[in-house]
Visitor: 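Just dropping this structure here.
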Amino acid sequence: MKFNKLINLELTQSSGQTSQPPWVINEEGEYQSLLILKESPVLIKLSQKNFKSLNLDYELPLNLDSSLFNKKSLEKEICSEIVRIYNLDFDLDKFYKFLMMDSKLIDSIKFCNGLRLFLAKNPFECIISSICSANNSINRWTKSISQINYKWGKEILFPSGNFFTFPTPSTLSKVYENDLEEYEALNHHTEIECCVNNLKSCGVGYRAKYMKKTSDIFTNQLNYNDIFKMKYDEAFQTIIKIPGVGPKVADCILLYGFGFKEAFPSDVWIKRIISNLYFNGEDISANKVRDFGMDKFGDYAGYAQLYLFHYARKSGLMDKLTKI
DNA sequence: ATGCAGGACAGAT
DNA sequence: ATCTGTCCTGCA
């Protein structure tokens with residue numbers, strides 16, 4: 001299958017969006033991920049020769065009776081899910097015309113050409129990823145999330161290898177928080193050094209308890225599907241009550257997990273960039289940056305944040321701002 | 001080796 | 001309402 005849309009897959013994958021860690025690259029250079037669809041779990045393989053199109057191949061699980069499903073409707077489902085995750089229906093050319101109206105933003109187009117939103121395949125994975133990303137580096141939170149995925153996800157066998165679903169809120173809520181808790185629960189029947197079946201062993205640090213509490217809330221109180229039905233403000237007020245979720249993480253969850261494109265996640269980098277471009281380098285609060293971004297960019301706020309961040313990163317603007 | 005980067009939060013103003 | 005110190009880990 002093929003999608004004729006402008007997209008830079010590599011850039012989109014590596015841009016640090018907190019929906020999920022980057023997909024796994026195989027020997028052929030394809031980006032692979034397990035998707036759970038109504039018809040069946042499928043292993044997706046994406047590749048591209050140039051930024052004008054995206055090629056899709058897929059595999060079904062081993063030991064699956066292929067007479068049980070309809071190939072046509074499965075492929076239709078796969079396509080609409082890929083269009084959704086990579087936001088392929090978003091009109092990038094129109095967005096670029098919008099950026100061109102601001103002389104400070106024009107350069108971002110050539111640095112970020114084909115960069116798209118990378119939306120969650122699973123909102124809960126995005127919630128946990130976003131909590132993990134707080135006060136953390138991209139490299140570290142993606143490794144932690146991958147470990148959580150294979151330690152407590154359900155394994156599914158494909159011809160190309162084995163992949164794991166992301167654990168459910170219920171499963172994650174029951175995982176030990178740290179090695180000591182695990183050690184006690186096992187009545188000391190093992191060395192504490194061997195206790196790695198716990199959240200902290202994934203390198204999440206003090207975020208372990210936030211993740212456990214959050215998992216419990218989504219098991220017993222909150223259905224994340226309700227968030228999709230809300231308006232942005234209500235969704236923000238709901239999600240910011242989650243432990244480990246402040247304004248920045250809430251906006252990441254709303255943007256990458258639920259597709260609220262009017263969200264403008266304001267971290268220190270966005271703050272430095274906005275301050276440098278629009279406030280003469282003056283020190284402004286994260287809240288003011290958020291208000292400014294949402295007001296200036298409207299429904300393009302999420303994309304503007306993405307483009308500003310990577311433009312600054314690639315153009316060397318960030319290095320310049322760090323040295324101040 | 002110590003110091004620092006990165007948001008949320010509790011406690012204080 | 002706004003500020004300060006603390007939380008954990010990986011990397012200079």
Side-chain angles (χ1 to χ4, degrees), chain A residues 14-19 21-22 126-149 151 172 175-183 192-193 195-218 222 235-257 260 263-276 279 282-294 301-302 305-306 308-310 312-313 316-324:
Chain A
S14 64
S15 54
Q17 301 181 50
T18 65
S19 49
C126 175
I127 292 164
I128 298 299
S129 296
S130 302
I131 289 172
C132 196
S133 75
N135 203 21
N136 209 339
S137 69
I138 295 173
N139 187 37
R140 194 145 70 84
W141 75 254
T142 55
K143 280 181 184 160
S144 294
I145 295 302
S146 301
Q147 287 187 54
I148 290 171
N149 201 334
K151 278 188 184 174
L172 211 54
V175 166
Y176 301 121
E177 185 183 318
N178 54 43
D179 54 358
L180 195 62
E181 195 182 299
E182 184 182 349
Y183 182 65
I192 191 159
E193 290 78 13
C195 292
V196 292
N197 194 34
N198 60 80
L199 273 171
K200 243 186 148 177
S201 77
C202 301
V204 302
Y206 55 85
R207 302 162 195 84
K209 54 170 133 3
Y210 299 150
M211 292 179 180
K212 279 202 69 168
K213 281 186 193 166
T214 297
S215 301
D216 191 64
I217 289 169
F218 281 102
L222 211 63
F236 185 86
Q237 292 310 324
T238 305
I239 215 78
I240 203 168
K241 292 196 181 81
I242 300 296
V245 177
K248 150 67 163 63
V249 171
D251 276 329
C252 282
I253 292 172
L254 293 185
L255 177 59
Y256 304 124
F260 286 89
F264 191 75
S266 302
D267 60 8
V268 287
W269 285 107
I270 291 302
K271 187 174 142 177
R272 285 169 190 157
I273 296 158
I274 292 292
S275 158
N276 180 263
F279 291 87
E282 165 197 347
D283 191 18
I284 40 179
S285 71
N287 230 314
K288 197 173 166 188
V289 173
R290 179 169 173 268
D291 290 346
F292 174 84
M294 291 183 76
Q305 192 265 12
L306 196 56
L308 278 171
F309 187 85
H310 291 282
R313 206 155 82 150
L317 178 59
M318 275 201 181
D319 298 334
K320 219 168 78 189
L321 296 180
T322 318
K323 288 183 186 98
I324 294 171

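So that the names make sense, note that chain A is the first sequence line, chain B the second, and so on, each numbered from 1.
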Visitor: Strictly under 3.5 Å: I want the nitrogen or oxygen pairs between protein and nucleotides 9-12 of chain C, one per line.
Guide:
{"from": "C/dT9", "atom 1": "O4'", "to": "A/Arg140", "atom 2": "NH1", "distance (Å)": "3.2"}
{"from": "C/dT9", "atom 1": "O2", "to": "A/Arg140", "atom 2": "NH2", "distance (Å)": "3.3"}
{"from": "C/dC11", "atom 1": "OP1", "to": "A/Asn139", "atom 2": "ND2", "distance (Å)": "3.4"}

Visitor: Using a cut-off of 4.0 Å on non-hydrogen atoms, how would the nucleic acid contact of A/Ile242 be classed: base, sugar-phosphate, or nothing?
Guide: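 Sugar-phosphate: the residue A/Ile242, judged by heavy atoms under 4.0 Å, touches backbone atoms but no base.
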
Visitor: Sequence neighbours excluded, which residues qualify as side chain to side chain contact (heavy atoms under 4.5 Å, CB included) partners of A/Ile138?
Guide: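 In terms of side chain to side chain contact (heavy atoms under 4.5 Å, CB included), with neighbours along the sequence ignored, A/Ile138 is linked to A/Trp141, A/Thr142, A/Arg313.
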
Visitor: Holding to salt bridge (Lys or Arg N to Asp or Glu O under 4.0 Å), I want the full list of residues that pass it with A/Glu177, two or more places apart in sequence or in another chain.
Guide: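 Per chain and number, A/Glu177 pairs via salt bridge (Lys or Arg N to Asp or Glu O under 4.0 Å) with no residue.
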
Visitor: On DNA chain B, which is the earliest and which the latest nucleotide, 5' to 3', with an atom closer than 4.0 Å to a heavy atom of chain A?
Guide: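 Using the under 4.0 Å cut-off, the span is B/dG6 to B/dC9.
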
Visitor: Once ring pair (Phe, Tyr, Trp, His ring centres under 6.0 Å) is applied, do any residues pair with A/Tyr256, and if so which ones, sequence neighbours excluded?
Guide: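 Here no residue qualifies.
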
Visitor: Applying side chain to side chain donor-acceptor pair (under 3.5 Å), name anything that partners A/Asn149, two or more places apart in sequence or on another chain.
Guide: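 Partners of A/Asn149 by the side chain to side chain donor-acceptor pair (under 3.5 Å) criterion come out as none, since no residue qualifies.
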
Visitor: Holding to side chain to side chain donor-acceptor pair (under 3.5 Å), I want the full list of residues that pass it with A/Arg290, two or more places apart in sequence or in another chain.
Guide: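 Result, side chain to side chain donor-acceptor pair (under 3.5 Å) vs A/Arg290: A/Tyr232, A/Asp251.
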
Visitor: Could you pull out all residues at least two apart from A/Gln17 that satisfy side chain to side chain donor-acceptor pair (under 3.5 Å)?
Guide: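 By the side chain to side chain donor-acceptor pair (under 3.5 Å) rule, A/Gln17 matches A/Ser15.
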
Visitor: Sequence neighbours excluded, which residues qualify as ring pair (Phe, Tyr, Trp, His ring centres under 6.0 Å) partners of A/Phe279?
Guide: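 So A/Phe279 forms a ring pair (Phe, Tyr, Trp, His ring centres under 6.0 Å) with A/Phe292.
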
Visitor: Please round to 10 degrees the angle between the axis of the first five pairs and the axis of the last five pairs in the helix from B/dT2-C/dA12 to B/dT13-C/dA1.
Guide: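 The angle separating the two end axes equals 40°.
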
Visitor: Identify all side-chain donor-acceptor contacts of residues 196-204 of chain A below 3.5 Å with residues at least two apart in sequence or on another chain.
Guide:
{"from": "A/Asn197", "atom 1": "OD1", "to": "A/Trp152", "atom 2": "NE1", "distance (Å)": "2.9"}
{"from": "A/Asn198", "atom 1": "OD1", "to": "A/Lys200", "atom 2": "N", "distance (Å)": "3.3"}
{"from": "A/Asn198", "atom 1": "OD1", "to": "A/Ser201", "atom 2": "N", "distance (Å)": "2.9"}
{"from": "A/Asn198", "atom 1": "ND2", "to": "A/Glu182", "atom 2": "OE1", "distance (Å)": "2.8"}
{"from": "A/Asn198", "atom 1": "ND2", "to": "A/Cys195", "atom 2": "O", "distance (Å)": "2.9"}
{"from": "A/Ser201", "atom 1": "OG", "to": "A/Lys151", "atom 2": "NZ", "distance (Å)": "2.8"}
{"from": "A/Ser201", "atom 1": "OG", "to": "A/Val196", "atom 2": "O", "distance (Å)": "2.7"}
{"from": "A/Ser201", "atom 1": "OG", "to": "A/Asn198", "atom 2": "O", "distance (Å)": "2.7"}

Visitor: Suppose we screen for side chain to side chain donor-acceptor pair (under 3.5 Å). Which residues come up paired with A/Asp267, at least two apart in sequence or across chains?
Guide: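 A/Asp267 satisfies side chain to side chain donor-acceptor pair (under 3.5 Å) with no other residue.
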
